[in-house]
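See structure below.
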Amino acid sequence: NGRLITIRDPATGLPYPGNRIPAQQINANGQRLLSVFPLPNVTTPAGIAQAAGLYNYQFKNIQDVPKQSHTLKFDIVPNQKDNISIRLKKWVSDSKSYTGIFSYTNFPLTFYDYYFTHDDLLVNWTRVISPSIVNEFTITAMGSKENGEPRGDRTQKEVFRSTYGITLGQLNPEANPWGILPQMSFAGGPVNPVLFTQDRRAPINASEAFGEIMDNLSVNRGSHAMKFGMYMHKIWTNEGVRANNFAGNISFNRDANNPGDTNHPYANAMVGSFQSYQEASRRNLANATLFIQEYYAQDQWKASKKLTLTYGVRLSYPTWYHLQSDQVGSALSLNLYNPANSPRQYVPTVVNGVRLGMDPVTRATVPQQAIGAFVPGTGDPANGVVTNADVVAGKYPKGWADHPSLQFAPRFGFAYDPFGTGKTAIRGGFGVGKHVIGAAGAAIEFQGFNQPYVVVSQQFNGNLNSLLSSRGFVFP
């Protein structure tokens, strides 16, 4: 509405003289964090009128996605009974963009490079055993890689703290070896405020590999056309080293309950006052794997000139996705949970009309945002947890769940020609299909990021100058 927003001195609650923060109160790291963001470029009266107060910066995104696909195939026929085929495939996609997949933010800070490759090797051997018996054997190896790490002329230095001279430390700097900027938010001021975010895998370096073996045997005997086969499938997968808030997450949002609030989120950053700060204790890889074996038998029987029956069964014996033996991870087992071992939690209270959190035993108070958090130094935050080491030792099933039973999937169908003329057919059938490959998310997205391995702590109503003086609060 064009009215001046009053910036207040947190120490006195009074407006700053001239609505300017004195130089001696400016926090150097807060100022440098703000320097990451571009200045407004919608400054003409016409542009401001068109923006209607919704934005003050525009840019044209550039996206370059060159792709390559290569295939090499060899067909070998050593004799009349054998046919061998070897196929090699490679797919490459190099996505380069200011915003989009795995990028850091929604403005043109760095030209991000996401490099994806997929390699595929297939060997097929078909053997004619006799005029009525044919066997087909296939083995396949596939692998995919995602790489968004700095390389070549795309250094991504614009997202590194060192580029701006930011010396703000971290509680767990080993979780952020690249020195990537912390996430930042500025709610409570301008409409559609600028943000800095990052994917928890940034800069991503992930991989996935598959191995498959298939064998199909076809046998024709009189009016029967039978098939028998087996299929084995192994997967190794991960989404790269990752964790939420690995580089820190600073909220400079306005909050009337924050004693350091200046009445504007950007001014909060300028004096180093934050509403909340979150940081992960570490990043984890969480390599997961899965193995499936399947067997089938089917027959197509021409029972008469008019009637053809098709019937068969598929047997599947899968495992759940589970962490590999050298990985760390955990899951909660309620039958191992003991309430007596749980940490105390801060409960709500009111002191002098202000809502706060309180330790129910010592009655020590904390900011209201900490209500529900564990009281430090009490109980076991990992109460009831089963670790992957327990799984590897055989104390708990892989994937933290009982192995799925043998899956039975029958099929039956028929085709009937009521007049025997070959012009009319009545068809029917039924089948049971089992989805035996479960989602990998439980293993690679959750199990590897629980207590006691990856812990996200939170601080409230603090200042950047004292960020490292507290380990923060941990919630269930």
Side-chain angles (χ1 to χ4, degrees), residues 33-44 47 50-51 54-73 87-121 142-164 166 176-185 192-210 237-247 249 283 285 440 444-445:
L33 287 171
L34 288 174
S35 73
V36 171
F37 304 104
L39 293 174
N41 62 9
V42 179
T43 56
T44 65
Q50 183 178 15
L54 298 178
Y55 60 88
N56 63 7
Y57 184 82
Q58 289 181 312
F59 76 99
K60 181 178 181 180
N61 190 27
I62 299 173
Q63 191 172 44
D64 184 18
V65 191
K67 301 174 183 178
Q68 300 178 38
S69 179
H70 307 276
T71 301
L72 178 63
K73 187 178 181 183
R87 187 198 67 197
L88 297 132
K89 292 180 68 176
K90 187 176 187 66
W91 165 266
V92 176
S93 174
D94 192 4
S95 301
K96 292 162 283 189
S97 175
Y98 285 118
T99 67
I101 188 165
F102 298 120
S103 60
Y104 289 95
T105 189
N106 60 352
F107 62 92
L109 183 61
T110 188
F111 203 56
Y112 191 74
D113 187 350
Y114 171 73
Y115 193 70
F116 178 85
T117 61
H118 179 86
D119 298 295
D120 185 338
L121 168 64
M142 293 175 282
S144 299
K145 292 184 178 180
E146 302 169 89
N147 192 334
E149 294 182 341
R151 63 187 181 91
D153 59 344
R154 291 182 287 277
T155 62
Q156 300 180 34
K157 62 182 179 61
E158 296 85 359
V159 299
F160 297 154
R161 299 176 184 223
S162 58
T163 300
Y164 307 91
I166 295 170
N176 186 16
W178 292 96
I180 294 172
L181 292 164
Q183 297 190 70
M184 293 176 275
S185 60
N192 301 323
V194 70
L195 299 169
F196 179 80
T197 61
Q198 80 262 129
D199 191 283
R200 62 185 182 144
R201 297 164 287 183
I204 189 168
N205 190 340
S207 63
E208 189 168 46
F210 303 82
T237 183
N238 69 72
E239 284 291 330
V241 178
R242 63 206 184 280
N244 288 327
N245 306 315
F246 69 89
N249 188 331
R283 292 219 283 180
L285 182 59
I444 65 175
E445 297 294 346

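Sequential numbering from 1 along the given sequence is applied to the chain's residues.
- Atom CD of Gln50 has 12 or fewer heavy atoms from other residues, nucleotides or ligands within 6.0 Å.
- Scanning for ring-ring contact (aromatic ring centres under 6.0 Å, His included) contacts around Tyr55 gives an empty result, with sequence neighbours left out.
- Closest non-hydrogen pair, Arg161 versus Ala247, comes out as NH2-O, 2.6 Å.
- The two atoms that bring Lys89 and Thr71 nearest to each other are CG-OG1, 3.8 Å, heavy atoms only.
- Asp199 places no side-chain N or O within 3.5 Å of a backbone atom of Ile204 that could act as its donor or acceptor partner.
- Across all their heavy atoms, Tyr115 and Thr117 have their closest contact at CE2-CG2, 3.4 Å.
- A distance-only check finds no donor-acceptor pair linking the side chain of Gln58 to the backbone of Pro40 [under 3.5 Å].
- No side-chain donor from either of Ser97 and Asp64 sits under 3.5 Å from a side-chain acceptor of the other.
- Looking at heavy atoms from C-beta onward, Phe116 lies out of side-chain contact with Ser95 at the 4.5 angstrom threshold.
- Contact of the Ile180 side chain with the Pro203 side chain is registered, since non-hydrogen atoms from C-beta on lie closer than 4.5 Å.
- At least one side-chain heavy atom of Leu33 sits under 4.5 Å from a side-chain heavy atom of Met184.
- Nearest heavy atoms, Ala243 versus Arg283: N-CD, 3.7 Å.
- Judged by distance alone, the side chains of Tyr114 and Glu146 do bring a donor and an acceptor atom under 3.5 Å apart.
- Between Phe196 and Phe37 the shortest side-chain heavy-atom distance falls below 4.5 Å.
- Residues meeting the salt bridge (Lys or Arg N to Asp or Glu O under 4.0 Å) test with Lys90, sequence neighbours left out: Asp119.
- The shortest side-chain heavy-atom distance between Asp94 and Asp113 falls under the 4.5 Å cut-off.
- Contact record, Trp91 with Ser69: CE3-CB, 3.8 Å, taken as the closest heavy-atom pair.
- For the residue pair Tyr164 and Glu158, the shortest heavy atom distance occurs at OH-O, 2.6 Å.
- Side-chain rings of Tyr98 and Phe111 approach one another, their centers coming within less than 6.0 Å.
- In summary, the aromatic rings of Phe107 and Phe59 are positioned with their centroids too far apart to meet the 6.0 Å limit.
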